[in-house]
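Keep in mind that this is a model prediction, so the values were computed, not measured.
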Amino acid sequence: MSSIVFTIFMPAALGLVMFGLGLTLTVADFKRVLRYPKATAVALACQLVLLPVVCFGLVLAFELQGALAVGMMLLVAAPGGITANLLSHLAGGDVALNITLTAINSLLSAFTLPVVVGLATLRFMGDDASIGLQFGKFVQVLAMVLIPVVIGLWTRHRFSAWADRMEQTVKIGSGAVLALAIVAALAQSFDVLTANMGRLGGITVLLSMSSLAVGYFVPRLFHVSRRQSIASAMEIGIHNCTLAVIVAVSVIGDEVMAVPAAVYGVLMFVPAGIVAYLLSRRAEPTRPAHAQVLTPGLAES
């Protein structure tokens, strides 16, 4: 039963979630990059370059080793998702930019996530380094993440009316399936989870706070508008822990590697919620929704 859960059920659950994500995207979400290239470029640089460096420093500072260290790097390499879009909306961010970043990050992560995991495994797991570097595993991650998104995107384009009707159903169904999948994964590594909750709690909260700070203040240093910086903070500050858990368990085959993402998934709502609340309190007057989408380049600086 355990083998069936990890080899069939969890990859299928991830595929359903990524398909649901693709079902919410349109070609316009990708074209929108041309309308605010600086905000997109800065956010992606933070996500793909700066955050892995920050996380690596935290792993060294907390003296994590082995699968737990790799699990942290796997977590930071995971993109954002729907939760980031919701909190960005509540905080007064540019949700259109969030959708664009989610779309791009979801595609890029199919390539960048295996690279980060491979390098982390090489650094922290010594003789087991081949686990993260096998070409077959790279292809498996690519298939699990990229193909369902592309199919969902095509389905939305080809059958838009059906996609609109099914969007909410797919969200609810994928959420329920993933909840069961994560419970099954945690049950396999419950002892490791309880034994490491203390020190993993500290590092995951710090990672969440650091991600939010990097996502907001770095764009501001590059004179990105406040609303777009809020969107960047939420997109970069909230990682897809579900993706990290399923890749760790189903692709890499290491339940211990999934524990950091599981701990993060529980604790990250506290700093993210506080930051969203504080940013919303300082929200500047917003223009009508149609103006925000059509003229992002004119947003307040």
Heavy-atom side-chain proximity of Met268 to Ile238 below 4.5 angstrom: yes
Shortest non-hydrogen contact from Pro219 toward Tyr216: CD-O, 3.4 Å
Flag side-chain contact, heavy atom, 4.5 Å: Phe56 against Val76: no
Nearest heavy-atom neighbours spanning Ala69 and Val59: CB-CG1, 3.6 Å
Minimum-distance pair of heavy atoms, taken over all atoms of Gly237 and Tyr264: O-OH, 3.0 Å
Non-hydrogen atoms of Ala77 and Ser109 that approach each other most closely: O-CB, 4.4 Å
Closest heavy-atom pair and its distance - Val256, Ala67: CG1-CB, 3.9 Å
With a cut-off of 3.5 Å and sequence neighbours excluded, list every side-chain donor-acceptor pair involving residues 38-52.
unit_1 : atom_1 : unit_2 : atom_2 : d
Lys38  : NZ     : Phe222 : O      : 3.0
Thr40  : OG1    : Tyr36  : O      : 3.1
Gln47  : NE2    : Ala78  : O      : 3.4

Considering all heavy atoms, the nearest Asn105-Pro79 contact: CB-CB, 3.7 Å
Leu60 side chain reached by Phe124 side chain, heavy atoms, under 4.5 Å: yes
Met234 CE to Leu90 CG distance, which is reported to the nearest 0.5 Å: 9.0 Å
Interatomic spacing from CG in Leu87 to NE2 in His89 - rounded to 0.5 Å: 10.5 Å
Residue pair Val224 / Ser232, side-chain heavy-atom distance below 4.5 Å: no
Results of side-chain hydrogen bond (donor to acceptor under 3.5 Å, both in side chains) for Ser88 - residues two or more places apart only: Asn98
Distance, nearest 0.5 Å, that separates OG1 of Thr100 from CD of Glu235: 9.5 Å
Side-chain donor or acceptor of Arg226 paired with backbone N/O of Ile230 under 3.5 Å: no
Nearest-0.5 Å distance, CZ of residue Arg123 to CD of residue Gln65: 6.5 Å
Min side-chain heavy-atom separation Val116-Leu74 under 4.5 Å: no
Results of ring-ring contact (aromatic ring centres under 6.0 Å, His included) for Phe62 - residues two or more places apart only: none
With sequence neighbours excluded, residues passing ring-ring contact (aromatic ring centres under 6.0 Å, His included) with Phe159: Trp154
Cut-off 3.5 Å, no hydrogens considered: what does the side-chain donor-acceptor table look like for residues 200-211, sequence neighbours left out?
unit_1 : atom_1 : unit_2 : atom_2 : d
Thr204 : OG1    : Leu200 : O      : 2.6
Thr204 : OG1    : Gly201 : O      : 3.1
Ser210 : OG     : Leu206 : O      : 2.8
Ser211 : OG     : Leu207 : O      : 2.7
Ser211 : OG     : His239 : NE2    : 3.2

In one Ile/Leu/Val/Met/Phe/Trp/Tyr side-chain cluster, 4.5 Å: Ile236, Phe217: yes
same_hphob_cluster(Leu153, Phe111) at 4.5 Å side-chain heavy-atom cutoff: yes
Same apolar cluster (I L V M F W Y, side chains within < 4.5 Å links), Val270/Tyr277: yes
Note, Thr155 side chain near Trp162 side chain (heavy atom, < 4.5 Å): yes
Val117 and Met73, any side-chain heavy atoms less than 4.5 Å apart: no
From Leu113 atom CG to Leu243 atom CG, the distance as rounded to the nearest 0.5 Å: 6.0 Å
Flag side-chain contact, heavy atom, 4.5 Å: Met125 against Met257: yes
